[in-house]
Student: 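This structure is in structure tokens; I'll ask about it shortly.
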Protein chains: 4
Amino acid sequence: MASRGINKVILIGNLGADPEIRYTQNNTAIANLSIATSESWKDKQTGEPREQTEWHKCVAYRRLAEIAGEYLKKGSKVYVEGRLQTRKWQGQDGVERYTTEIVINEMQMLDGRPGGGQGGGYQSQGQSQGQGQTSGQSGQYQQGGQQQRQPAPQQPQQRPAQRPEPEPFVPDQEFDDDIPF
Amino acid sequence: MASRGINKVILIGNLGADPEIRYTQNNTAIANLSIATSESWKDKQTGEPREQTEWHKCVAYRRLAEIAGEYLKKGSKVYVEGRLQTRKWQGQDGVERYTTEIVINEMQMLDGRPGGGQGGGYQSQGQSQGQGQTSGQSGQYQQGGQQQRQPAPQQPQQRPAQRPEPEPFVPDQEFDDDIPF
Amino acid sequence: MASRGINKVILIGNLGADPEIRYTQNNTAIANLSIATSESWKDKQTGEPREQTEWHKCVAYRRLAEIAGEYLKKGSKVYVEGRLQTRKWQGQDGVERYTTEIVINEMQMLDGRPGGGQGGGYQSQGQSQGQGQTSGQSGQYQQGGQQQRQPAPQQPQQRPAQRPEPEPFVPDQEFDDDIPF
Amino acid sequence: MASRGINKVILIGNLGADPEIRYTQNNTAIANLSIATSESWKDKQTGEPREQTEWHKCVAYRRLAEIAGEYLKKGSKVYVEGRLQTRKWQGQDGVERYTTEIVINEMQMLDGRPGGGQGGGYQSQGQSQGQGQTSGQSGQYQQGGQQQRQPAPQQPQQRPAQRPEPEPFVPDQEFDDDIPF
DNA sequence: TTTT
DNA sequence: TTTT
């Protein structure tokens with residue numbers, strides 16, 4: 001991988017909803033996360049307190065997606081690091097739209113979680129902005145990870161897309177880390 | 001300012017075009033930058049070299065906007081740091097759209113520039129995700145900065161928006177640094 | 001402020017001890033934080049689980065220092081952002097030593113805290129790597145902030161430095177945000 | 001790899017000297033970089049311009065080290081990302097000392113370089129804070145990379161350590177990317 | 001639309 | 001020790 005430039009996003013925020021997990025025909029997991037960050041300040045003119053919340057569309061692939069599905073839920077506080085990616089898509093109305101997402105390559109739970117502990121960190125196995133993996137590594141992914149991992153459901157979950165959504169594209173170059181907690 | 005969460009973007013890339021500078025009725029400068037970051041890798045299947053470029057819409061206000069207008073141009077390599085902000089707008093076709101931008105709060109030229117030197121760094125005076133400034137500081141802004149700064153043109157420059165663009169919103173909480181090179 | 005270069009540190013970790021707060025003769029608060037980040041992995045050779053903890057010396061000034069003293073304690077999980085600074089000092093044995101610290105300019109509690117809520121974020125009022133403030137702002141600091149703030153103790157707290165420590169140096173250019181939660 | 005916490009450093013600065021490359025008995029390359037970041041401001045009291053330079057000790061391993069040796073030199077402007085690591089060592093005088101370094105996991109040249117182009121980005125193959133690689137990848141490292149790469153010199157280069165330096169420790173978990181420009 |  |  002060689003990159004010309006840096007494309008990095010760092011967020012700490014809370015999930016506005018449970019992660020939406022689906023699977024490609026290839027059985028690759030994809031997780032969509034909606035993460036809120038907010039700021040509050042006093043209006044300079046009126047002195048009144050104000051607050052603004054920003055919602056970030058985030059997407060994780062493969063192992064990171066599965067971890068998100070397992071450990072995160074509505075309200076979870078999470079650190080994510082990734083890169084910005086804008087996709088063009090066409091709604092059912094034929095209108096072209098653009099959606100900007102954060103493609104997650106590192107994730108860390110900041111909440112306590114049921115089983116004790118306070119959450120660890122996960123990274124996609126690929127480089128943070130990286131591509132160009134060799135096939136040897138996807139084998140590592142296959143064998144690795146959360147032991148006893150359930151196979152992905154045969155009936156892929158769909159997220160109920162009120163607003164028509166772009167087709168899922170899974171970059172072949174994103175890999176994730178297979179080492180459990 | 002108090003924020004719940006972190007919303008941070010770091011980019012290093014090249015401008016795809018000269019910065020577009022315009023001014024509000026208030027005479028506040030706004031700069032729109034289009035910054036490319038790209039990555040190249042070898043396709044895992046075919047072994048062929050591939051490249052993907054990501055285009056980032058960035059916006060700077062006030063002093064940072066003026067500096068961008070003065071020192072950056074098409075092709076310039078630049079470091080920017082900021083926060084993600086998604087705005088909703090309605091095209092002339094009546095369709096709602098969303099645009100995600102990076103609101104710049106720090107900027108640093110990485111190119112040599114004509115007058116010698118290699119460019120310094122600039123930050124918005126406000127906090128990176130911050131708000132809640134007192135009015136005293138805007139005075140500082142007035143008196144400060146690049147000496148001999150020309151007054152903003154009476155005929156505000158418009159960027160030729162092929163694709164209808166949202167109305168410019170200038171947050172009252174963004175300030176910039178007034179200290180020249 | 002103009003900077004040539006970027007000097008940025010981002011940590012999420014836990015405090016190994018309560019913050020150590022002291023005050024300069026000027027009554028400026030200084031907080032020393034010791035923050036741990038750790039990583040665990042499996043040894044490539046032996047397959048055994050390993051863990052390594054890194055301890056980071058962090059320092060905050062003024063309002064940020066006071067906030068640290070009020071809200072953080074041993075075990076607290078915290079996000080800090082700052083810049084690296086290495087100071088030279090001489091121990092009682094006459095030997096020159098160097099200490100590298102993170103000078104905090106943004107801080108965010110990631111733990112739930114007693115009074116409800118989950119902690120907000122704070123930033124030094126100055127620019128992240130910034131200097132060159134006008135005096136007008138220190139007034140803002142004086143009037144601002146956590147209401148009913150107690151005056152700093154007349155008897156400055158000293159941290160019990162087993163290992164001789166460098167003299168505290170408070171940069172006149174670091175300011176902090178005066179806006180409470 | 002699982003990490004509890006985030007330990008991230010981002011620098012843009014200039015090399016104060018050519019990279020110092022040496023090799024372990026294992027023939028693993030290690031590069032030591034000294035990177036300057038500086039800030040300038042006007043003294044609040046006197047109004048005089050001031051400048052402060054911070055020097056950062058950085059270290060890269062394996063492929064990244066070799067790339068640093070090939071493409072960077074005194075004065076080069078570079079982006080590095082890595083993690084903080086403090087090592088304890090004992091000088092010849094028997095005194096214990098601590099040295100804090102940035103262990104680089106991503107590097108990007110920001111200067112034009114002789115052969116045209118303006119430099120690409122490189123990442124260590126491992127995760128940014130990561131460990132737990134399989135041995136399969138080190139093979140990839142062996143075959144990969146800059147074609148015609150010279151074998152490491154049999155007489156390992158030593159850096160002329162005026163000030164006694166700690167023994168080089170090469171973490172077995174750091175890998176680098178083997179994909180050339 | 002940039003850059004290599 | 002760099003850079004401007």
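In what follows, chains carry the letters A, B, and so on, assigned in the order in which the sequence lines appear, proteins first and then strands, with residues in each chain numbered from 1.
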Student: Please give, in whole Å, the distance from E/dT2 P to B/Lys77 NZ?
Tutor: 14 Å
Student: Tell me the interatomic distance from A/Tyr98, atom OH, to E/dT1, atom P, rounded to whole angstroms.
Tutor: 12 Å
Student: Keeping the roles fixed (side chain from D/Asp43, backbone from D/Glu48), state whether a donor-acceptor pair exists under 3.5 Å.
Tutor: no
Student: Nearest-Å distance, CD1 (D/Ile12) to P (F/dT4)?
Tutor: 15 Å
Student: Find the distance B/Asp18:CG to E/dT1:P and express it as a whole number of Å.
Tutor: 14 Å
Student: Partners of D/Ser76 by side chain to side chain contact (heavy atoms under 4.5 Å, CB included), sequence neighbours excluded?
Tutor: D/Leu15, D/Leu72, D/Lys73, D/Asp111
Student: To the nearest Å, how far apart are D/Leu72 CG and F/dT3 P?
Tutor: 14 Å
Student: Assess whether a salt bridge exists between B/Glu54 and A/Arg83, defined as any Lys/Arg side-chain N lying under 4.0 Å from an Asp/Glu carboxylate O.
Tutor: no
Student: For B/Ser38, give me all partners under side chain to side chain contact (heavy atoms under 4.5 Å, CB included), at least two apart in sequence or on another chain.
Tutor: A/Arg4, B/Glu51, B/Thr53
Student: B/Trp55 on top of E/dT1's base, within under 5.5 Å and under 30°?
Tutor: yes
Student: Between atom CD in D/Glu51 and atom C1' in F/dT3, what is the gap in whole Å?
Tutor: 8 Å
Student: Classify D/Thr53 by what it touches in the nucleic acid, base, sugar-phosphate, or nothing, heavy-atom distance under 4.0 Å.
Tutor: base
Student: Can you tell me the distance, in whole Å, between the CD atom of D/Glu54 and the C1' atom of F/dT4?
Tutor: 18 Å
Student: For the side chain of D/Ala36, starting at C-beta, report the closest nucleotide among E/dT3, E/dT1, F/dT2.
Tutor: F/dT2
Student: Given atom CG of D/Leu110 and atom P of F/dT4, what is their separation to the nearest angstrom?
Tutor: 13 Å
Student: Of the listed nucleotides (E/dT3, E/dT1, F/dT1), which one gets closest to any side-chain atom of B/Ala17?
Tutor: E/dT1
